[in-house]
Each structure stands twice: as C-alpha cells, then as structure tokens.
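A short write-up of the structure that comes next.
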Amino acid sequence: MGFMGLETAHAPSGMRGRRLAAFFIDAFIVLMLSFIAFHLFGEPDFFSVKEAMDAAELAGGQDAVLTGAVFSTFNRAYGIMLVIGFFYEVVSQFIFGGSTVGKLLCRLKVISRSEERKKAVHALLLCVRSFLKMLSLYFFQSFPFLICCLTIFTNRECYTGFDMAVKTITVDRKKEQR
C-alpha cells in the first residue's frame, strides 16, 4: 500500500509515526535547552534576529547593511542552536544506549546494522550520524535534511539517509534482538 508514491506497507507497524513523534519530542527539548542557554549565556539570541528583521523591514528591505545584519545574527543563533542539538543528541544517546529522550519515550533505539560492530565503533558512528544531521541542517538549511528524513517513507526498513551513511537502523527497544 502506498500514499502519493511513498511505499508504506512494509515498514514495521507504527515505526514511522513513532520516529516522527520522537523527532518532535527531541526538537522540543532542543528548543527548551536553547531557551535555557539564552537565559544563562545570552546565546542563541533569536531576539536579536527579530530586532534585525524589524529594522530591515522598516527600511523597506532595501538596506544591504540591515539585510546583512539579519543573515549574520540568524546564522550565529542558528549555528549555536545546532551545536546545542548536537550535544543533546550525542550525550543522550550515550546515556540511554542509542536513544535520545524522544526515542526512549517512543520505545526506539538506534543499533548497528552489523552484529560484528564493536560498541566503541558504534558509539563513534552515532556521533558521526548526529554530526551529519547538524551539518546538513547548517549548510543546506534543512532541504537535504528533509530528504534524508523522508527516506523513512520510501524504504522497507524505515531508516533515514543518516542511518544509511553509518549503517545503523532504528528499532523497537522491546523487540531488539541484542
């Protein structure tokens, strides 16, 4: 069975919905961590981005300096938020053995596709997986990230492009074989 050309029949029951729910839970946590970081350190400062946008809008969008300030302040705040997201994901995966808080709440875990992979190598590749996500989000402003995430709808095993890159797969914690 498919929807708009996306194959959905062969995925494990409920996996796509649970992965999406885990993503939103983790995104919310990263937003809260960013808010806490702003109150403690003044970064990421999305309020400055809003001020720069308002100033550029008042100028009618014709002032190159103000437009540059918008992009500069946004890139700084966005980059800091991605760093927070990276460290959140890496630390939570180490603490919860392959799960972020969102995956843990949705009973999911990222494991190696190879049973011979050593734990240390798997842990390193989880860091690489997280880094690839953040790098994609930073350099391409979400477009390739969305494509990688959409791959969960187009393959039978329900894994993303980031999983393909480091040969991991997200599984149900209760049904995990190892």
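Just so it is clear, the structure is predicted and the values come from calculations on it, not from any experiment. Nothing fancy with the numbering, it's 1 onward along the sequence.
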Notebook entry, point to check: Should D45 and R76 count as an ion pair when the cut-off is N to O under 4.0 Å?
Noted result: no
Check: Between A22 and C106, what is the shortest heavy-atom contact and its length?
Finding: N-SG, 3.6 Å
Margin query: How long is the straight-line distance from CZ of F38 back to CE of M81, given to the nearest 0.5 Å?
Written below: 14.0 Å
Check: According to a 4.5 Å side-chain heavy-atom criterion applied to Ile, Leu, Val, Met, Phe, Trp and Tyr, with indirect links allowed, do L33 and L104 form part of one hydrophobic cluster?
Finding: yes
Check: Can you tell if the side chain of P44 reaches within under 4.5 Å of the side chain of I84, non-hydrogen atoms only?
Finding: yes
Next item on the list: Say whether M134 and F87 are linked into one hydrophobic cluster, either directly or through other cluster members, by side-chain heavy-atom distances under 4.5 angstrom.
Entry: yes
Notebook entry, point to check: How about S112 and L125: do any of their side-chain heavy atoms sit closer than 4.5 Å?
Noted result: no
Margin query: Parallel, tilted or perpendicular, judged at 30° and 60°: which one describes the rings of F74 and Y78?
Written below: parallel
Margin query: Looking at F46, I want to see if its CZ is surrounded by more than 12 non-hydrogen atoms of other residues, nucleotides or ligands under 6.0 Å.
Written below: yes
Next item on the list: Determine whether more than 12 heavy atoms belonging to other residues, nucleotides or ligands lie under 6.0 Å from atom CZ of F96.
Entry: yes
Next item on the list: Answer yes or no: is there a side-chain heavy-atom contact under 4.5 Å between L82 and K133?
Entry: no
Margin query: Distance check, rounded to the nearest 0.5 Å: I29 atom CD1 versus L105 atom CG?
Written below: 7.0 Å
Note to self: Assigning hydrophobic clusters by single linkage (Ile, Leu, Val, Met, Phe, Trp, Tyr; side-chain heavy-atom cutoff under 4.5 Å), is F131 placed with Y88?
What the structure shows: yes
Check: Tell me, do I169 and D163 make a side-chain contact under 4.5 Å, heavy atoms counted?
Finding: no
Margin query: Looking at G68, is its backbone amide N or carbonyl O close enough to the side chain of S72 to form a donor-acceptor pair, meaning the two atoms are under 3.5 Å apart?
Written below: no
Margin query: I'd like to check H122 versus T168 (side-chain heavy atoms, cut-off strictly below 4.5 Å). Are they in contact?
Written below: yes
Margin query: Please report the interatomic distance NZ(K118) to CD(E116), rounded to the nearest 0.5 Å.
Written below: 9.5 Å
Notebook entry, point to check: Same cluster or not: are L135 and Y138 linked, directly or through other Ile, Leu, Val, Met, Phe, Trp or Tyr residues, by side-chain heavy atoms under 4.5 angstrom apart?
Noted result: yes
Next item on the list: Kindly indicate whether the side chain of T100, heavy atoms from C-beta on, has any atom under 4.5 Å from the side chain of Q93.
Entry: yes
Checklist line | Spacing of S92 atom OG and F94 atom CZ [to the nearest 0.5 Å] | finding: 10.0 Å
Margin query: With a 4.5 Å cut-off on side-chain heavy atoms, are D26 and E89 touching?
Written below: no
Check: So, for S48 and T73, which heavy atoms are closest and what is the spacing to 0.1 Å?
Finding: O-OG1, 4.2 Å
Notebook entry, point to check: When rounded to the nearest 0.5 angstrom, what distance separates CZ in R18 from CG in D172?
Noted result: 4.0 Å
Notebook entry, point to check: Has the side chain of S34 got a donor or acceptor atom that lies under 3.5 Å from a matching backbone atom of V30?
Noted result: yes
Check: Given the rule that I, L, V, M, F, W and Y join up when any side-chain heavy atoms are under 4.5 Å apart, are V49 and F47 in one cluster?
Finding: no
Note to self: Please report the interatomic distance CG(L66) to CE(M53), rounded to the nearest 0.5 Å.
What the structure shows: 12.5 Å
